[in-house]
A.B. asks: 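Pasting in a structure now, in structure tokens, and then I'll have a few things to ask.
Since the model is a prediction, treat every value here as computed from it, not as a measurement.
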Amino acid sequence: MRKLPVYIVVDVSESMFGEAIDQINAALDKMIAALRRNPYALETVWLSVITFDSMARVVSPLTELADFKFPELRARPGTALGTALDLLRSQIAKEVVLQTEETKGDWRPLVFLLTDGQPTDDWRPALARLRSQRPKPANIYAIGCGDEIDFEALTEIADATFYAKEASPELLAKLFIWMSSAIQSASKNASNLGLVKDDLTPPDGIQEIGDDYPPAPDFPRQLFFHATCSTTRKKYLMRLRYFDPLGMYVPAASYKVPDDFLDDGGYVPPTVSSDKIAGMPTCPHCENQDWACCGRCGAGFCFDAASSLRRGWSECPVCGARMGFADGRDSFDMTPSAG
Ligand SMILES: [Zn+2]
Ligand SMILES: [Zn+2]
């Protein structure tokens with residue numbers, strides 16, 4: 001039986017932390033359930049899931065639909081799109097028998113690439129390596145969610161590019177249902193031409209991007225900072241959102257993160273002046289509302305302003321340096337995480 005390989009390549013960068021990743025987990029689960037109810041899909045579809053943050057990982061190798069077990073996705077810093085393309089290329093080479101003039105092989109793989117941010121690595125050489133393969137290794141459909149998409153990258157990589165402005169749970173659910181119907185239709189009419197255009201008509205709220213795509217914003221709409229809780233010494237991640245009426249970043253959310261939460265894979269984003277930051281989110285571990293940046297090691301940490309003021313200093317939970325409050329009001333440059 002010729003298989004129809006389907007690769008789902010998901011950006012699990014920090015911007016996915018919290019609800020977004022839970023929603024994607026739930027939407028993928030539903031998509032697989034829908035595919036399993038379709039006899040054509042059951043016969044032909046093989047699925048693989050690849051995620052990328054500062055690294056790319058095969059979280060599930062190409063597996064027959066009936067045996068596919070869905071892994072829980074976890075968010076981490078970084079958006080190494082180029083690394084993901086290289087991994088995709090080597091997985092296809094390993095797992096798929098491409099059709100040539102002499103061999104029938106498998107159907108040409110379908111790749112769904114989901115991202116909500118801008119790549120933090122140089123993806124162009126990886127794309128060139130993928131493109132240089134003969135026969136054409138895959139049909140790639142890219143879906144950008146949110147308002148920080150680098151459509152220049154996506155339209156260059158993908159055969160067709162789609163845009164979902166709001167990554168709401170409803171829209172994500174629709175998106176995965178749409179992907180599953182595209183896969184079902186491809187499995188029924190499997191041909192090496194890939195999907196016919198009609199199969200690609202997206203649902204409301206998701207539009208196809210042509211040559212006039214929205215530009216990537218020239219400054220980040222969201223910032224992420226890593227911090228350590230002074231009370232529990234555990235790590236957390238703060239999300240800030242740019243608020244146009246103020247012209248500043250305001251607190252959006254904070255999340256507990258695992259102790260092995262990775263660093264940004266060498267990518268250092270531009271610094272931001274503390275003048276641009278209207279406030280930091282509350283610590284998710286101990287509810288401290290105040291935040292400081294260590295003058296010695298640069299670590300961000302939560303602290304309790306009232307008791308620190310009584311003492312006259314606060315202590316960095318990472319390096320132990322003690323800081324007074326004398327220069328607390330000067331502005332300084334802050335280095336966010338890769339996002
Ligand atoms: Zn805390
Ligand atoms: Zn320190």
A.B. asks: Run the salt-bridge test on D106 and K3 with the 4.0 Å N-O cut-off and return the result as yes or no.
C.D. replies: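 Yes, charged N to carboxylate O under 4.0 Å.
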
A.B. asks: Roughly how far, to the nearest 0.5 Å, is CD of Q118 from CD1 of I149?
C.D. replies: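 Going from the CD1 atom of I149 to the CD atom of Q118 covers 8.0 Å.
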
A.B. asks: Flag yes if V250 and M280 sit in one hydrophobic cluster, no otherwise; membership is Ile, Leu, Val, Met, Phe, Trp, Tyr, and two members link when side-chain heavy atoms are under 4.5 Å apart.
C.D. replies: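 Result: no, two separate clusters.
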
A.B. asks: Should L4 and I140 be regarded as members of a common hydrophobic cluster, given that ILVMFWY residues are connected when their side-chain heavy atoms come within less than 4.5 Å of each other, either directly or indirectly?
C.D. replies: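 No; tracing contacts between hydrophobic side chains, which count when under 4.5 Å, never links both residues.
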
A.B. asks: Rounded to the nearest 0.5 Å, how far does CZ of R322 lie from CZ of R296?
C.D. replies: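 The CZ atom of R322 is 11.0 Å from CZ of R296, to the nearest 0.5 Å.
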
A.B. asks: Pair L73, L28 - check side chain to side chain contact (heavy atoms under 4.5 Å, CB included), show working.
C.D. replies: CA-CA 10 Å; L73 304 185; L28 267 171; 4.2 Å; yes

A.B. asks: Is the closest side-chain heavy-atom distance between L175 and L114 below 4.5 Å?
C.D. replies: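 They are in contact (side-chain heavy atoms under 4.5 Å apart), so the answer is yes.
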
A.B. asks: So do L130 and R89 actually touch side chain to side chain, heavy atoms under 4.5 Å?
C.D. replies: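 The answer is yes, as the side chains (C-beta and beyond) meet within the 4.5 Å cut-off.
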
A.B. asks: Would a 4.5 Å heavy-atom cut-off, applied to side chains only, mark T79 and D53 as touching?
C.D. replies: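 A side-chain contact is absent here, since even the closest heavy-atom pair is not under 4.5 Å.
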
A.B. asks: Between atom CG of L47 and atom CG of L110, what is the distance when rounded to the nearest 0.5 Å?
C.D. replies: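 Spacing of CG (L47) from CG (L110) equals 10.0 Å.
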
A.B. asks: Between the side chains of S307 and D304, is a donor N or O closer than 3.5 angstrom to an acceptor N or O?
C.D. replies: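 There is such a pair between these side chains.
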
A.B. asks: Would you mind reporting whether T228 and K234 have side-chain heavy atoms less than 4.5 Å apart?
C.D. replies: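 The answer is no, as the side chains (C-beta and beyond) never meet within the 4.5 Å cut-off.
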
A.B. asks: Using the rule given for ring-ring contact (aromatic ring centres under 6.0 Å, His included), can you reason through Y213 versus Y163, listing the C-alpha separation, both sets of side-chain angles and the distance that settles it, and then say yes or no?
C.D. replies: CA-CA 9 Å; Y213 40 80; Y163 177 36; over 10 Å; no

A.B. asks: Under 4.5 Å between side-chain heavy atoms, counting indirect links through other Ile/Leu/Val/Met/Phe/Trp/Tyr residues: same cluster for L88 and Y141 or not?
C.D. replies: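 In one cluster with L88: Y141, no.
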
A.B. asks: Keeping the roles fixed (side chain from R76, backbone from V12), state whether a donor-acceptor pair exists under 3.5 Å.
C.D. replies: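 Not a single qualifying donor-acceptor pair exists.
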
A.B. asks: For a quick test of reading the model, state the closest non-hydrogen atom pair linking T161 to F151 and the distance between them.
C.D. replies: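 Where T161 meets F151 most closely, the heavy atoms are CG2-CD2, 3.9 Å.
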
A.B. asks: Quick check: do P39 and L42 have side-chain heavy atoms less than 4.5 Å from each other?
C.D. replies: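 Not touching, per the 4.5 Å side-chain cut-off.
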
A.B. asks: Using the rule given for ring-ring contact (aromatic ring centres under 6.0 Å, His included), can you reason through W46 versus F68, listing the C-alpha separation, both sets of side-chain angles and the distance that settles it, and then say yes or no?
C.D. replies: CA-CA 8 Å; W46 288 53; F68 185 84; over 10 Å; no

A.B. asks: Carefully, step by step, assess H285 and Y236 under the rule side chain to side chain contact (heavy atoms under 4.5 Å, CB included).
C.D. replies: CA-CA 8 Å; H285 294 291; Y236 65 102; 4.0 Å; yes

A.B. asks: Got a second to check how far L98's CG is from R134's CZ, nearest 0.5 Å?
C.D. replies: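 Reported to 0.5 Å precision, the distance equals 12.0 Å.
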
A.B. asks: Parallel, tilted or perpendicular: which one describes the rings of F225 and W291, with boundaries at 30° and 60°?
C.D. replies: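 Tilted, since the angle between the ring planes falls between 30° and 60°.
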
A.B. asks: Which is it for L237 and K256 under the side chain to side chain contact (heavy atoms under 4.5 Å, CB included) test, yes or no, and what are the steps along the way?
C.D. replies: CA-CA 6 Å; L237 175 71; K256 297 174 183 177; over 6 Å; no

A.B. asks: Is any side-chain heavy atom of D86 closer than 4.5 Å to a side-chain heavy atom of R129?
C.D. replies: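 Yes, side chains in contact.
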
A.B. asks: I want to check something: taking the side chain as every heavy atom from C-beta on, are P77 and F224 in contact at a cut-off of under 4.5 Å?
C.D. replies: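 Side chain of P77 against side chain of F224, heavy atoms only: no contact under 4.5 Å found.
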
A.B. asks: Distance check, rounded to the nearest 0.5 Å: I24 atom CD1 versus C145 atom SG?
C.D. replies: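 Between atom CD1 of I24 and atom SG of C145 there are 6.5 Å.
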
A.B. asks: Specify the closest pair of heavy atoms between E315 and S230, including all atoms of both residues, with the distance to one decimal.
C.D. replies: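 Taking E315 first and S230 second, the nearest heavy atoms are O-OG, 4.2 Å.
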
A.B. asks: Would you compute the distance between atom OG of S308 and atom CZ of R310 and round it to the nearest 0.5 angstrom?
C.D. replies: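 Spacing of OG (S308) from CZ (R310) equals 9.0 Å.
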
A.B. asks: Do I209 and F112 share a hydrophobic cluster, counting only Ile, Leu, Val, Met, Phe, Trp and Tyr and linking them when any side-chain heavy atoms are less than 4.5 Å apart?
C.D. replies: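 The answer is no; the residues belong to distinct hydrophobic clusters.
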
A.B. asks: Does this structure show an ion pair linking E14 with R239, if we count only N-O contacts that are shorter than 4.0 Å?
C.D. replies: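 Looking at E14 and R239, the cut-off is not met.
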
A.B. asks: Salt bridge (charged side-chain N to carboxylate O under 4.0 Å, His left out) between R36 and E64: does it pass, once the steps are laid out?
C.D. replies: CA-CA 11 Å; R36 283 195 176 135; E64 208 172 344; over 6 Å; no

A.B. asks: Determine whether F301 and S314 make a side-chain contact, defined as any pair of heavy atoms from C-beta on separated by less than 4.5 Å.
C.D. replies: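 Yes; the side chains approach each other to less than 4.5 Å.
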
A.B. asks: Could you pull out all residues at least two apart from D204 that satisfy side chain to side chain contact (heavy atoms under 4.5 Å, CB included)?
C.D. replies: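 K174.
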
A.B. asks: Looking only at side chains, do E95 and Y7 share a donor and an acceptor under 3.5 Å apart?
C.D. replies: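 E95 vs Y7: donor-acceptor pair found between side chains.
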
A.B. asks: How close do C283 and C302 get, counting heavy atoms only, and between which atoms?
C.D. replies: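 Looking at all heavy atoms of both residues, the shortest contact is CB-CB, 3.6 Å.
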
A.B. asks: Does the side chain of T83 come under 3.5 Å of the side chain of D121 through a donor N or O and an acceptor N or O?
C.D. replies: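 Yes, side-chain donor-acceptor contact under 3.5 Å.
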
A.B. asks: Return yes when atom NZ of K136 has more than 12 non-hydrogen atoms of other residues, nucleotides or ligands closer than 6.0 Å, and no otherwise.
C.D. replies: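 Result for NZ/K136: enclosed.
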
A.B. asks: Step by step, work out the side chain to side chain contact (heavy atoms under 4.5 Å, CB included) result for T120 and S54.
C.D. replies: CA-CA 8 Å; T120 54; S54 67; over 6 Å; no

A.B. asks: May I ask whether V59 and F52 are part of the same hydrophobic cluster, defined by side-chain heavy atoms of I, L, V, M, F, W, Y residues being less than 4.5 angstrom apart, directly or through others?
C.D. replies: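 No, it is not one cluster - the side chains of V59 and F52 are not joined through contacts under 4.5 Å.
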
